[in-house]
Amino acid sequence: MTDHSIATASTQLKQTAPSTQHSARARKFKLPAWVKYPVIAVSLLPALWIGFALWSDLTRNTRFLGANPVKEMEHFMGEWNIRFLVLTLAVTPVMKITGWGWLIRYRRIFGLLAFLYIFLHLTIYFVLDVELSGALLVEDVAERLYITLGMAGFLLLVPLAITSTKGWIKRLGNKRWNQLHWLIFPAVVLGLIHYYMAVKRDIREPLFYALIFAVLFWYRLRKPRESGSRKRASDV
């Protein structure tokens, strides 16, 4: 072995040793499995708050939900849907950066919570806004673009919620399951446009979430290209 090759090998060892030690430390850190239950309980508090606020406004005239309680509840549930979508998409980058593989179980939990909140958002709209009228619902979807986009985003999330179980992963296979769950990206885009159009005046929050999602999308989309570049470099 030449002096040059010895020096190169030594440099490579120095470069890989810290990352190996970091990965080992990351693997040692692991939250107990039972932690997911209090996480779920805390995540349901916003929905419970809305239930309490509605009850209090109706029975005690407290006006927690303001002058337009139906719209307030709809917006509240929609915002929490977006927050849980952020958490769902953030799991993979955090997992890659930290090496905390156990976070994968929370991606499914956050995804189902995001679906729960968009389902509650639509339930409030259908029950209290259009008053269970199929004709009014069809009219709204046909004539109001932001409702059309929001409904389309919801429909894209339905197959993701249905196929979130381990049984469906086995039926579809990892490759097809992963391809199907890329639907979350157009669903998020449609949801953000819906949010932007719904708030009308104060667009700061929709733009803030759009920036967060742009960073998360960039991270997810750049990984395959980087992996391909590294593979080509290793073949040279």
Side-chain angles (χ1 to χ4, degrees), residues 43-51 53-54 57-58 63-91 107 110-164 180-221:
S43 299
L44 293 175
L45 289 178
L48 295 176
W49 157 250
I50 283 294
L54 179 61
D57 284 4
L58 291 174
R63 300 180 68 83
F64 283 127
L65 298 173
N68 193 339
V70 174
K71 289 299 179 186
E72 179 64 25
M73 290 189 291
E74 286 176 1
H75 291 161
F76 186 85
M77 295 300 185
E79 288 170 5
W80 276 99
N81 162 256
I82 291 174
R83 288 165 187 154
F84 279 110
L85 284 174
V86 168
L87 290 174
T88 303
L89 290 173
V91 166
R107 185 172 66 183
F110 293 144
L112 289 174
L113 286 164
F115 183 79
L116 170 66
Y117 277 98
I118 195 62
F119 179 78
L120 292 173
H121 172 78
L122 285 174
T123 300
I124 293 167
Y125 163 73
F126 184 58
V127 174
L128 300 179
D129 207 338
V130 300
E131 298 178 344
L132 300 174
S133 171
L136 283 177
L137 175 63
V138 171
E139 183 181 339
D140 264 3
V141 172
E143 296 183 0
R144 301 167 75 179
L145 179 59
Y146 81 98
I147 293 180
T148 308
L149 297 176
M151 194 66 70
F154 168 74
L155 292 176
L156 289 178
L157 291 176
V158 170
L160 307 191
I162 293 173
T163 60
S164 63
L180 176 65
H181 279 250
W182 275 88
L183 287 175
I184 193 172
F185 292 102
V188 165
V189 172
L190 291 171
L192 284 173
I193 298 173
H194 167 82
Y195 187 20
Y196 177 87
M197 295 176 71
V199 297
K200 296 177 182 176
R201 290 190 180 89
D202 191 356
I203 60 172
R204 289 174 295 178
E205 282 198 14
L207 293 178
F208 171 72
Y209 286 116
L211 178 61
I212 294 175
F213 280 118
V215 172
L216 293 172
F217 286 5
W218 168 79
Y219 183 89
R220 290 293 296 273
L221 293 172

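A side-chain contact (heavy atoms from CB on, under 4.5 Å) with Y195 is found for one member of N81, L207, I82 and no other, namely I82.
Of the possible polar contacts, one joining the D57 side chain to the L65 backbone as a donor-acceptor pair under 3.5 Å is found.
Residue pairs meeting the ring pair (Phe, Tyr, Trp, His ring centres under 6.0 Å) criterion with at least one partner in residues 125-163, sequence neighbours excluded, are F115-F154, Y146-H194. Residue pairs that meet the salt bridge (Lys or Arg N to Asp or Glu O under 4.0 Å) test with at least one member in residues 143-161, sequence neighbours left out, are D140-R144. For residues 151-161, no pair satisfies side chain to side chain donor-acceptor pair (under 3.5 Å), with sequence neighbours left out. Each salt bridge (Lys or Arg N to Asp or Glu O under 4.0 Å) pair with one or both residues in residues 180-193, not counting sequence neighbours, would appear here, but there are none.
Between G66 and P69, the shortest heavy-atom contact is O-CD, 3.9 Å. Taking all atoms of both residues into account, the shortest heavy-atom contact from G111 to T88 is N-OG1, 3.1 Å. Residues P46 and F76 come closest through the heavy atom pair O-CE2, 3.4 Å. Between L192 and A210, the shortest heavy-atom distance links the atoms CD1-CA, 3.9 Å. Here the closest heavy-atom approach between residue A187 and residue G153 is recorded as CB-O, 3.7 Å. Residues P159 and L183 come closest through the heavy atom pair CG-CD1, 4.1 Å.
The side-chain hydrogen bond (donor to acceptor under 3.5 Å, both in side chains) search around H181 returns T163, W177, not counting sequence neighbours. Partners of R83 under the salt bridge (Lys or Arg N to Asp or Glu O under 4.0 Å) rule, at least two apart in sequence or in another chain, are E79. Not counting sequence neighbours, the partners of E74 by the salt bridge (Lys or Arg N to Asp or Glu O under 4.0 Å) test are K71. Listed by chain and residue number, L137, I147, T148, M151 satisfy the side chain to side chain contact (heavy atoms under 4.5 Å, CB included) test with V141 (two or more places apart in sequence, or in another chain). Legend: residues meeting side chain to side chain contact (heavy atoms under 4.5 Å, CB included) with I193, ordered by chain and number and at least two apart, are L149, V189, M197. Here E139 pairs with nothing under the side-chain hydrogen bond (donor to acceptor under 3.5 Å, both in side chains) rule; sequence neighbours left out. Partners of N68 under the side-chain hydrogen bond (donor to acceptor under 3.5 Å, both in side chains) rule, at least two apart in sequence or in another chain, do not exist in this structure. With sequence neighbours excluded, no residue satisfies ring pair (Phe, Tyr, Trp, His ring centres under 6.0 Å) with F119.
The distance from atom CG of L156 to atom CG of L180, rounded to the nearest 0.5 Å, is 10.0 Å. A distance of 10.5 Å separates CG in L216 from CG in L221, rounded to the nearest 0.5 Å. Taken from CG in L54 to CG in L58, the straight-line distance is 4.5 Å, to the nearest 0.5 Å. Summarising the geometry, atom CG belonging to L112 is positioned 10.0 Å from atom CG belonging to L160; distances are rounded to the nearest 0.5 Å. A distance of 5.0 Å separates CE of M73 from CD1 of I124, quoted to the nearest 0.5 Å.
The closest side-chain heavy-atom distance from L113 to L44 is below 4.5 Å. Between H121 and Y117 the shortest side-chain heavy-atom distance does not fall below 4.5 Å. Within the 4.5 Å cutoff, side-chain heavy atoms of L85 are placed close to those of F213. For the pair V188/L89, a side-chain contact is recorded, criterion being any heavy-atom separation below 4.5 Å from C-beta on.
F185 and F217 have perpendicular rings, their planes meeting at more than 60° on a 0 to 90° scale where under 30° would count as parallel.
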